Amino acid sequence: MKLQLIHINRNCRTLLMLSVAAMLLGSCKKYLNVNTNPNAPTQVPPSVLLPTTEIGIAFANSNDLDRATSAIMQQIAGVANQTQGYDVYNFSGAFDNQWNGELYGGSINNCVAMINLDSATSPAYSGIAKLEMAYAFSILTDIWGDVPYSQAGQGDKFTYPRFDKVQDIYQGNASLGIRSLFDLVNSGLADLAKTSALKPKTDDIVYGGDLTKWTRMGNTLLLKFAIMLTNVNPTMAKSVITSVLSGNNYINSNTLDFEVPFGTSTSNQNPIYNFNYINRPGDQMLSSRFQAIMQGFNDTLRLAKFFTKPNGVFVGFNNGSNAVAPAQATRSQYGTYLIAPLSSPTSLGAAPIRLLTNFQVNFILAEAALVLGTPGDPNAYYQAGIMANMQKIGMAQSDINAYFAANPTVVTLSGTQQQMLQQIITQKYIAWCGNGIEVFDDYRRTGYPTLALPLNPGGDDPSVIPTRLPYTIGELSTNPNAPNPRPLVDVKLWWAK
Amino acid sequence: MRKLKLLGSSILLLFQLHLLAQNRTITGKITDLNGKPVPGATIMIKDARTGTSSGPDGAFTLNVPPTAKTLAVSAIGWITQDIEIGDKTSILVTLTAKDATLSEVVVTSLGISRDKRSLGYATQQLKADQLADKGQVNIVSAMEGKVAGVNITGASGGAGASVNINIRGITSFTRSNQPLFVVDGVIISNDVDRTNGGPNGTLGDQQPANRALDLDLNNIESINILKGPGAAALYGSRAAAGAIIITTKKGGVNGRSEVVASTSYSMQNMEGLPKVQNLYGQGSTGVYNPASSNSWGPKFGATPSIANGLLVGGAPVPYQAYPNNINDFFQTGSISDNNLSISGGDAKQNFILSGGYLAQTGILPNTSVNRASVKFGGNTVFRNKIRVGGSVNFLNTLQTGILDGNGASSLAVIEGLARSIDLTTTRVKGTYQNPDGTNNWPITGQDNPYYDAYKNPLKSNLYRVIGSVNAGYDLYPWLNINYRLGIDAYTDRRKQIFAISSARVPAGQDLESTIYRSELNGDLIITAHKNDIFVKDLNITGLVGQNINQRRFQVVTAQADALSIPGFYQISNGTNFAVGTAEQTTVQRLLGYYGQVSFNWRGYLYLEATGRADESSTLSTSKNTFFYPSVNATFVFTDAFHIDSKILTYGKLRANISKVGTDAPPYLLSNTYVKGAYGNNVANFTFPYGSVAGFTLSSTIAPNVLAPEFVTSYEIGANLGFWNNRASLDATVYNTVSTSQIFSVGIPPSTGFTTKTVNAGKMTNKGIELTLSVEPIATKNVRWDIVGNFTRNINKVVSIFSGITSFSIPGSAFIGSVPSIKVGQPYGVIIGGLIPRDSTTGARLINSGTGVYATTIANQILANPNPDYILGVSNTFHYKTLSLGFTFNFIKGGQVLSFTAASYKSRGAWSETGKDREKPWILPGEILTNGKYTQNNIQIPAQTYWQTLGGLQSEFNVYDATVFRLQDITLGYDLPGSIAKSLKINYIRVSVFANNLFHVAPNAFFDPELNTQGAGNIRGLDLQGTPNATTIGASLKVSL
């Protein structure tokens, strides 16, 4: 080039012009073909989605929704930041992360992706996905009431998902094309029974790929859903529970509990530990009201598994109090049961998040036998529930026996049906410590345990304990199908008492 | 109509030339003061209609009748002269230029130099002396208050903090709205690269620089600001937000060599934090508590008792006010700036070699910027007329910053610090840590501010090369071919550490991040120019070009969490690498073809059209080639109509319509899966779980089809010169319409996704820009120049997407105060909760149970950060070689949500909170009982009162950001020429200067011109960031 240009002449000029023209018109398809994303895959196997959904439903259960419901249910008291607000019913700007990133995104959308895989090769995955999805939707509808369900989680197939009614989610509605939660579980159970070429193994961090255990999980889900209907459709509740009982293939031992394991590494800890011990150690502590209930039952050994005793004493805080909180080092915080596995008490942060348990099943069956007349002795189930929970949290059998011997009135149902129901639900309330969503559900359905308003309540209606949580700003501002204005938090759900 | 008339009379004139009788021939030549020919000058016989014009060599020939006595010689841009003919047959005319600013040559798109009078769009030029010696480090800050139509806001006074610049408002929903930066024809990055994508998100980080920070102000010759798509159409997609065309200093043209050495030193101090009270100390509800971050404790001088917490174990605790404990945390910063340049040559062969070094220590402990720049450039013209030039600029910028923002940062601790905390003790300032290296601060959730500053810094070490080569050749006298290749590439190696026990990352963290960015541009430009085409005096310039563009970006981050050994900050010290460790690589390419044709009729009527077609790698194949045109016209009516009044010396009207298309960021076209993660900064989980991998669907749905976004702009303007251009006005009115925006629209999260990429939406910017220059005094020894710049821009989001009325600007940090794009509102309104009001009286509602305000109603407009108007006025006085220049800047309106203000109130630190503490307080408002409103009468303690008004995201912490500021002031003295000559030097200049010497904010008790999230689309948030700084310094410049 250089040499030619030095002795430039008319021919060279023409040549130059031609080469410029060639450059301008030359093919550029290859040059522009660089838009393949090197940073993220467009297709993945189901084995990398299953763990995401398992952690997802556990995270949704035990993160912010748990903190809010545990404060509302006065098991913990907020002393700083958001939890302090939840304690007095200030929920403004809350729960978008849970709705967006833990339930509809994270759990449900990835379950939909697993269900949409080739059904011939992977019914094992789609079966599990349906069970997980049913669980995730139950959290949504139990907390918020009417929620997107039949059209949810499917991307732009339904850009503005309809808000389905609670009764339609629980009972189905053929005319609106809504399949009930029960049918969703049954469909999942049917998938699990099929032959599946692809099967989960170590990617199933809960049951290690054991599909028989997933079948038990599914049947237990049916029990959990059925008991929600005691006020509104006892016939259906009774029928479902009786059927599951006769099938005898549900979680009936602590070793079969549906609980999602976590780890000790900072990025794998369960949210209860991660929040209370790592990132926000100063925000919440034991509620003095829960402390009083437990101490009233002389149940302090169990309380010591749920909460710490820093200087040999429990130090609680009254919900909603304006007083200065006790020094952090002296506060009772969540204890060993909620932060480390029973088998490895030094594995901090690795406590599993318990979602469906043997003790829960026993309390459900006790209630069902008492209220619905399903088979079995309510008192036997009641005692089995307390026993299963005490064993689960790591009380020595001798301590359990001693407690039963010393507190016969606590561990034995007596009085009217309502009084017995109160006993069952109050013990269930204690047993579920650390799972605020379950106790919030039972409270709204039965009115037990008996709770008083916190000090200085605020929010939508300071005169009552909330009966639901407010819809999230993100959904309200983007979905024209969202109820507008949103129902206040004192509007009861369909199944509530 | 006017144009037609004009053309008609011109044609008539041509005929008349041939019809009139001719008696005598006069020849002559028109030159300027330097003897250069002035072509195109009009030579008319006075009181007759006969005339001619000068040729390219300035020569003319004219036949004159015997009656003719005087010739009037006029040329556009030159002062008209009358020449007595007498009996001369040969005349030499020397013309004097009119005001230089009206006939200056400016660098426009693609590096093309143009006579400013021919431009059909608004541009504004800043010269070196308007930028240098003002104590500014960042070139963008140096422009503040000096350009109409431009809105500049610094993040803070922190060393290296980024500066936001928007020209004529914001035109894109989610893409960068910073103008394109071009240095000597090379497009360079002015990006802000954020380090911390981890659990802290954008809650606040060490404020990183906008990359224009790397440029050495001493090297700048001039900056031309192309204000809209009309001006920047040839840059195409990149210049929808305008362009900043920077020209650096070149080698000499007079054959001599020149050595210029400059040095400056300045000092910086913190400015703008609120006044404090010094009556009450640390504690709450009147009780001393060493673990409280508040100043609601007992009054100083109170008798120590167990009840007030001042008596512990029978002994009183030390308890006194430390009035300066906040101010003393800030240090006096300094900037030392040295530059040496050697240049030489003539118009054909020249070179410049320059080196500069700037060292800044910030107003906060452990903050600094060190910047080194070496540049070499040269040009040569070979004997065969081939022109070759090139330059290479090597830059190294080191920045050390400390944490900003709400939460546990040192600033969040300091701003509103309890009044009785002594920061000077050994424990706090001296060792600032426990013997085992852990944080020793007694307040939960906070760090000792010194610990945070020294143990949790971010360091950035950037190496950058900006280089260009160009070659040109005149194939024919009228046809020129030119090729330019420019590259800007940098690697920024960052290290961010969190010591074990730091409040934000208690387990400790070491983050190593390497950011690589490069942009390559190749432009082939063929220019043709013909005079007198079709008819005489119609000149035409045509241009065709091709652009090849490639942008690469890569960031590779290794994040080590849960450190084992205190004080050892290396990746190997981590026990968890799952979070944050990632790589991201992007490539995008574009091919552009463009053309321009300009007509010039007699130097007073110009018509120009451009067109550009781009082909982009990032759009759907069916939509990836897009064309956009522009057209502009210019009419210098004073010359066309020979108006030469003393009052109106110069008048030009201009108009343009242009359209610019923009492609998308790469990789938006398909749905993807990403590594699974849950939670936020309070609790989080990231895959892998042990050895189990987890992936999740990305939260964004890919678009069906992705087409370019477009900005269409309509602009009219006038340039008027009065009283021999002692006063001049440049006025512009524009209307910009942005359509088919590429953005991720918020969709109902219940779809399983939170956003979908779409082409939708419409936004308008309507505005007016005025620049008024006045020279009230101009004598031999005394001169006074005033330049005023007025900017008003009204932005409106017209539509977003069907069914969507609002969505948050990406990067929003806080739920509850979300910078948003909302239909019917200007861009960037901050949406949050407002307290419900009585619909008739407008009074706020009080909760009857608590005496404080009722729960807020979400999704309301909390603040609007867009100012009503901006007025900048620069004054320059010259007395002989002494000069005094200063710039005032007045920003009217706009709002800021201040976490700083909130913190000073809720912590009881602000001076107002010290008043009447013991008295009961009542919040203004009404109580609703049984459907009836009554005046609130519920008494609450001062602490409750102020903490209610001190809610972080409360409407009570939205302040009017109106601010009047002495932007900069410079006093300069040049050694008189005669003395300089005797010393055998060109000149010596001594300056003293200051910037941000004072501000007045009538409606805010702090300096509201802060923007903690830095350069970008999020504005109007002061998230307890670094405050502003005042700079005072002096400089010396010597030229040999």
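A note on names: the letters A, B, ... follow the listed sequences, proteins ahead of strands, and every chain is numbered from 1. All values derive from a computational prediction rather than experimental measurement.
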Contact class of [X] relative to chain B, heavy atoms under 4.5 angstrom:
X: A/D156; answer: both
X: A/P485; answer: neither
X: A/V324; answer: side chain
X: A/N97; answer: side chain
X: A/S92; answer: side chain
X: A/Q269; answer: backbone
X: A/R486; answer: neither
X: A/D96; answer: side chain
X: A/Q328; answer: side chain
X: A/F262; answer: both
X: A/P271; answer: both
X: A/I108; answer: neither
X: A/T36; answer: backbone
X: A/Q43; answer: backbone

Between [X] and [Y], what is the shortest heavy-atom contact and its length?
X: B/A291; Y: B/N289; value: N-OD1, 2.8 Å
X: A/S463; Y: A/L453; value: O-CD1, 3.5 Å
X: B/I443; Y: B/S293; value: CD1-CA, 3.8 Å
X: A/W144; Y: A/V147; value: CB-CG1, 3.7 Å
X: B/G592; Y: B/D614; value: CA-OD1, 3.2 Å
X: A/S107; Y: A/T53; value: O-CG2, 3.5 Å

At a heavy-atom distance under 4.5 Å, which candidate from [options] has the highest pair count against chain B?
options: A/A60, A/A152, A/G106; result: A/G106
options: A/D64, A/T159, A/T264, A/N456; result: A/T159
options: A/G458, A/G459, A/P462, A/G282; result: A/G459
options: A/N274, A/N39, A/N479; result: A/N39
options: A/T472, A/N276, A/N90, A/N109; result: A/N109
options: A/P470, A/P148, A/P261; result: A/P261

[X], part contacting chain A, at a heavy-atom distance under 4.5 Å:
X: B/Y673; result: both
X: B/T855; result: side chain
X: B/N847; result: side chain
X: B/S750; result: both
X: B/A507; result: side chain
X: B/P506; result: side chain
X: B/F801; result: side chain

Name the member of [options] that forms the most heavy-atom pairs with chain A at distances under 4.5 Å.
options: B/L590, B/T586, B/L669, B/T805; result: B/L590
options: B/S292, B/A503, B/A471, B/P748; result: B/P748
options: B/T618, B/T585, B/I747, B/V287; result: B/T585
options: B/G676, B/A858, B/G679; result: B/G679

Nearest 0.5 Å, please: how far is [atom2] in [Y] from [atom1] in [X]?
X: A/L50; Y: A/K201; atom1: CG; atom2: NZ; answer: 12.0 Å
X: A/T52; Y: B/K675; atom1: OG1; atom2: NZ; answer: 11.5 Å
X: B/N576; Y: A/N268; atom1: CG; atom2: CG; answer: 7.0 Å
X: A/R67; Y: A/N81; atom1: CZ; atom2: CG; answer: 10.5 Å

Using residues 690-702 of chain B as the side-chain source, report each donor-acceptor pair under 3.5 Å to any protein atom, sequence neighbours left out, with the distance given to one decimal.
unit_1	atom_1	unit_2	atom_2	d
B/T696	OG1	A/N110	ND2	2.7
B/S698	OG	B/T700	N	3.2
B/T700	OG1	B/T755	OG1	2.6

Residues that A/Y149 engages under ring-ring contact (aromatic ring centres under 6.0 Å, His included), provided they are two or more places apart:
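A/Y149 satisfies ring-ring contact (aromatic ring centres under 6.0 Å, His included) with A/F137 only.
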Any donor-acceptor N or O pair under 3.5 Å, side chains [X], [Y]:
X: B/E615; Y: B/N624; value: no
X: A/D203; Y: A/S47; value: no
X: A/N63; Y: A/E102; value: yes

Should [X] and [Y] count as side-chain neighbours, where that means a heavy-atom distance under 4.5 Å?
X: B/W296; Y: B/T285; result: no
X: A/V112; Y: A/Y104; result: no
X: B/I481; Y: B/D474; result: no

Of A/F91, A/F163, A/F95, which meets ring-ring contact (aromatic ring centres under 6.0 Å, His included) against A/Y471?
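Going through the options one by one, the only one that passes is A/F163.
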Centroid-centroid distance, B/F685 to B/F687, less than 6.0 Å
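Yes - the distance between ring centres of B/F685 and B/F687 falls below the 6.0 Å cut-off.
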When only heavy atoms count and the cut-off is under 4.5 Å, which of residues 547-555 of chain B reach chain A?
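Interface residues of residues 547-555 of chain B: B/I548, B/N549, B/Q550.
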Got a sec, which residues hit side chain to side chain contact (heavy atoms under 4.5 Å, CB included) with A/Q151, two or more places apart in sequence or on another chain?
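Expected list: A/F158, A/P161, A/R162.
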